[in-house]
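Everything below concerns the one structure shown next.
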Amino acid sequence: MDIDLPKKTEAALRAKELQLRQLIEAVPTMIWSTTASGTPTYANKRFVEMTGASLADITAPDGSASLIVIHPDDRKEARELFRTSMELGTPYIATYRQLRADGDYRWTQTRAEPLRDDTGTILQWYGVSIDIHERVVAEMSLRESEHAHRQLVETLPALIYCATPEGAPTYRSEKLRNYLGFGLIDKEDPERKRLKDTLDAIIHPDDLAAVKECYGHSLSTGEPYHMKHRLRRFDGVYRWVETRAAAMRNAEGRIVQWNGICLEIEDQVRAQEELRLAQDDLAKASQAASLAELSASIAHEVNQPLAAIVANSHTCLRWLRAEPPNYPRAMITAERIIRDSNAAADVVSRIRALFKQSVQPKMSTALPSVIDEARRLLAEEASRLRIRLHVDIEDSLPRVVFDRVQLQQVLINLIRNGMEAMEAVEGDKVVGVRVYRAGDDVQVRVSDLGAGVAFPDRIFEPFFTTKGSGMGMGLAICRSIIESHGGRLWIENNEPRGAIFVFTLPVEADVAA
């Protein structure tokens, strides 16, 4: 019989089989196969070289010996996964530590697929094992690093958050979630997803406008955010906090995230407030003591001429009632009364001069610099009272001659009076300072939105006050200082509410020092 064709076909098949086997042996990964029941039937050269286990080593009647190359701690899970795949006929995927020829274990990912006949019956399983040790170690290192950083963030004594470049919150630390009473997703109400307006929910209404303005400025410019405000706690109580945020940028300088930290400063704010109140009480006590000392001094100096006036008045009356009246003696006594009255007037003039006396010489100075200095001195107090200071200064103001310390005293007194007038007022609180030239004078207007002044015709009288704890000397001293500079100080009504204190300073005046 002619068998040339079958022989050639058989030789071609053996050549292809050899080529396929060489290809499998040359593939840089571990390839293996098992029977339908799981007994190993083949392991390529790469498998033997890497694990040090031959097909004979891993072959056993029940197939259990094939697990000798798997780490003991991972064998049970690998066996259960393979058993499930064989029962269901589904692909097998497992990750475990695999033994190497040098005795070390390396992380390996194994995948196997069943080979079926035309009826769907599984004939064999073919698998491949890929060394993923470096990747797994890197992932584990990354997870450990991430866990360490997360632990660091969660254990810091601060409230930490992250946001998108547009400001939408993306992360809140556990402390912040517990502090606010909610996270990025409200777990108690499945209908409520991520809060759309976080600022409205957690910022005190009186601080909301300022926070939004500052936050919006940072988002638009990329500048760091820093502000003190009140934050709503989970129990509804607002507490003072200091919030700082900075932009995190990529290599190109583009903002990829905002990272923020929030520190509660309620105790610090309360301590500062108590300190301020203590300082105010001390200042009032000092003022009261000074006033008492001044009163005693005035009483002591005025008492002598007044006593002499009374005594001489009685003497004069006695000489006039005499029979006959002694007119010469009465005239002498009347002259003494006039002398003592002039002495009393001189005492009062000297006391008035105390309020007009200049400690520092008057100098020609730029008025805006003094106003700016007074604003800086009162900035913290205004912020605490949630009051805005709005200053409008006309360009190219002429220089005026004044005592810098005294004029600063006047400005601080008038601005502080305006701030105190709005403590009980609801809504927008603004103290305005407007400076402009009016003829031969520079005019300064200090306005507020308070309740106004009930007695404008008496407000500048010494010892007259509308405050419960006031001495009634502040505005009197202010008027004396302005008048000593050749100017005037008066009050006007502010529309729709409030008061305006106005004073002038001469542009070119020969003011006495």
Side-chain angles (χ1 to χ4, degrees), residues 135 137-189 192-272 379-380 383-384 386:
R135 190 188 78 185
V137 170
E139 290 176 351
M140 293 174 63
S141 178
L142 183 62
R143 283 195 296 269
E144 290 176 0
S145 177
E146 181 182 359
H147 178 72
H149 283 87
R150 185 174 294 275
Q151 287 295 104
L152 175 63
V153 170
E154 296 296 346
T155 55
L156 283 174
L159 311 175
I160 299 174
Y161 68 93
C162 300
T164 65
E166 295 75 28
T170 58
Y171 168 77
R172 293 191 181 107
S173 66
E174 184 179 0
K175 282 186 173 61
L176 180 56
R177 296 195 300 271
N178 293 336
Y179 190 92
L180 298 177
F182 59 85
L184 294 177
I185 299 177
D186 193 336
K187 302 295 185 182
E188 297 180 358
D189 186 357
R192 290 177 58 193
K193 300 299 181 183
R194 186 173 173 183
L195 295 175
K196 295 181 179 179
D197 202 345
T198 304
L199 294 180
D200 288 345
I202 63 178
I203 304 298
H204 192 283
D206 294 345
D207 305 336
L208 186 58
V211 168
K212 285 185 175 180
E213 180 180 358
C214 186
Y215 199 37
H217 175 76
S218 295
L219 292 177
S220 61
T221 63
E223 297 178 1
Y225 170 83
H226 177 210
M227 193 168 185
K228 296 178 181 179
H229 58 83
R230 284 161 289 185
L231 188 67
R232 188 180 187 275
R233 203 168 57 181
F234 65 92
D235 55 2
V237 176
Y238 287 94
R239 307 273 292 180
W240 278 100
V241 297
E242 180 177 1
T243 302
R244 294 174 179 265
M248 185 172 70
R249 303 176 184 269
N250 58 14
E252 291 76 25
R254 184 172 56 85
I255 296 176
V256 295
Q257 182 172 291
W258 283 87
N259 300 323
I261 185 171
C262 192
L263 299 173
E264 185 177 298
I265 57 172
E266 179 72 20
D267 295 338
Q268 177 184 343
V269 171
R270 288 184 179 275
Q272 290 178 346
E380 184 174 351
S383 178
R384 178 178 55 81
R386 317 313 302 171

Nearest non-hydrogen partners of [X] and [Y], listed with the distance:
X	Y	answer
Thr164	Thr170	CG2-CG2, 3.3 Å
Ala245	Tyr161	CB-OH, 3.6 Å
Ser173	Ala158	OG-O, 4.3 Å
Ala163	Tyr215	CB-OH, 4.1 Å
Ser218	Pro224	OG-O, 3.4 Å
Ile261	Ile160	CG1-CG1, 4.3 Å

Over 12 non-hydrogen atoms of neighbours within 6.0 angstrom of CZ in Arg249: yes

Given Tyr179, which of Glu264, Arg233, Arg239 fulfils the side-chain hydrogen bond (donor to acceptor under 3.5 Å, both in side chains) condition?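 The residue from Glu264, Arg233, Arg239 that satisfies side-chain hydrogen bond (donor to acceptor under 3.5 Å, both in side chains) with Tyr179 turns out to be Glu264.
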
Test His229 against every option in Thr243, Asp207, Asp206 by the side-chain hydrogen bond (donor to acceptor under 3.5 Å, both in side chains) rule and name the one that passes. Thr243

Pairwise side-chain contact, [X] with [Y], heavy-atom cut-off 4.5 Å (strictly under):
X	Y	value
Leu159	Lys175	yes
Leu231	Cys262	yes
Tyr225	Val211	yes

I'd like to check the side chain to side chain contact (heavy atoms under 4.5 Å, CB included) partners of His226; sequence neighbours left out, ordered by chain and number.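 Listed in chain order: Glu242, Arg244.
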
For Arg232, check side chain to side chain contact (heavy atoms under 4.5 Å, CB included) against everything at least two apart and list the hits. Tyr238

Measuring from [X]:[atom1] to [Y]:[atom2], what's the distance to the nearest 0.5 Å?
X	Y	atom1	atom2	result
Leu142	Glu144	CG	CD	10.0 Å
Ile265	Arg230	CD1	CZ	11.5 Å
Met140	Arg135	CE	CZ	13.0 Å

Just by modelled atom types, is the Arg172 backbone N or O under 3.5 Å from a matching donor or acceptor in the Arg177 side chain? yes

Could you list the residues that satisfy salt bridge (charged side-chain N to carboxylate O under 4.0 Å, His left out) with Glu223, not counting sequence neighbours?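 So Glu223 forms no salt bridge (charged side-chain N to carboxylate O under 4.0 Å, His left out) with any residue.
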
